[in-house]
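In what follows, chains carry the letters A, B, and so on, assigned in the order in which the sequence lines appear, proteins first and then strands, with residues in each chain numbered from 1.
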Amino acid sequence: MNYWLIKSEGSCYSIDDLARDCKAAGKKGAVPWTGIRNYQARNFMRDGMKAGDLVLFYHSNGTPADPAGVYGVARVASGPHIDLSALDKKDMHFDPKAVQYEKEGKAPLWSCVDMAFVEKFAHPVDLVEIKRDPALAGILVAKTGQRLSVMPVSEKHFKRIAEVGNRK
DNA sequence: GCCAACGTTGGC
DNA sequence: GCCAACGTTGGC
């Protein structure tokens, strides 16, 4: 069992959106986490994530009203599969190179997994809090210049953030 | 909205 | 294969 952190712009796709879409997905209860166009992030998703892994849901690009931070927890709900949004010309994350891969019968250029909503924290654990907490020293998301949208988290750090987020 | 940090692209 | 130019991310 591994632990991860995924980022999303809160104003673009928040944990509330994930909760809504997972509910709308019915029995499946999960949505494909598409649009990742960074090789390292893709590799973490495609090669590292296993169904059942728990994932911190981080909102990036915060505002004073909705600060950047971890807002809740999701769960990996599938193994890796092709990210169809890369083949969709109308999609924001369309990639002609992925179409080329498809034509040549290669393995998909971009893959993703399904994500299920687990919980929204009683209060978000914002970046300031994360950086200030000695129990979270060394966590990747607090590192300057860290732009990965999918990254591993240690079990210790995962549990600490979940504990702080659900406190009170 | 600024800008530092980073990944990717493409000329050579 | 180097590296400058460019685009993007994301904190502030």
**Message:** Across nucleotides 6-12 of chain C, 5' to 3', mark each nucleotide with B, S or - according to how protein heavy atoms within less than 4.0 Å reach it.
**Reply:** -BBBBBS
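End-to-end axis angle of the helix from B:dG1-C:dC12 to B:dC12-C:dG1, using five pairs per end and rounding to 10°, comes to 10°.
Taking a cutoff of 4.0 Å between a charged side-chain nitrogen and a carboxylate oxygen, A:Glu163 and A:Arg167 qualify as a salt bridge. Between A:Arg132 and A:Glu129 there is no salt bridge, since none of the side-chain N atoms of the basic residue sits less than 4.0 Å from a carboxylate O of the acidic one. With salt bridges taken as basic N to acidic carboxylate O contacts below 4.0 Å, none links A:Asp83 and A:Arg42.
Using a 3.5 Å distance cut-off with no hydrogens or angles, the side chains of A:Arg37 and A:Ser85 do pair a donor with an acceptor.
Residues satisfying the salt bridge (Lys or Arg N to Asp or Glu O under 4.0 Å) criterion with A:Asp21, sequence neighbours excluded, are absent altogether. In this structure, A:Lys97 has no salt bridge (Lys or Arg N to Asp or Glu O under 4.0 Å) partners at least two apart in sequence or on a different chain. A:Lys131 pairs by the side chain to side chain contact (heavy atoms under 4.5 Å, CB included) definition with A:Leu127, A:Ala142, not counting sequence neighbours.
Using a 4.0 Å cut-off on heavy atoms, the residues of residues 35-43 of chain A that approach DNA chain B are A:Asn38, A:Tyr39, listed by number.
Of all heavy-atom pairs between A:Asn2 and A:Gly48, the closest is ND2-O, 4.2 Å.
Using a 30° and 60° split on the angle between ring planes, A:His59 and A:Tyr71 fall in the parallel class, below 30°.
The cluster map of Ile, Leu, Val, Met, Phe, Trp and Tyr, joined by side-chain heavy atoms under 4.5 Å apart, puts A:Val99 and A:Ile36 in different clusters.
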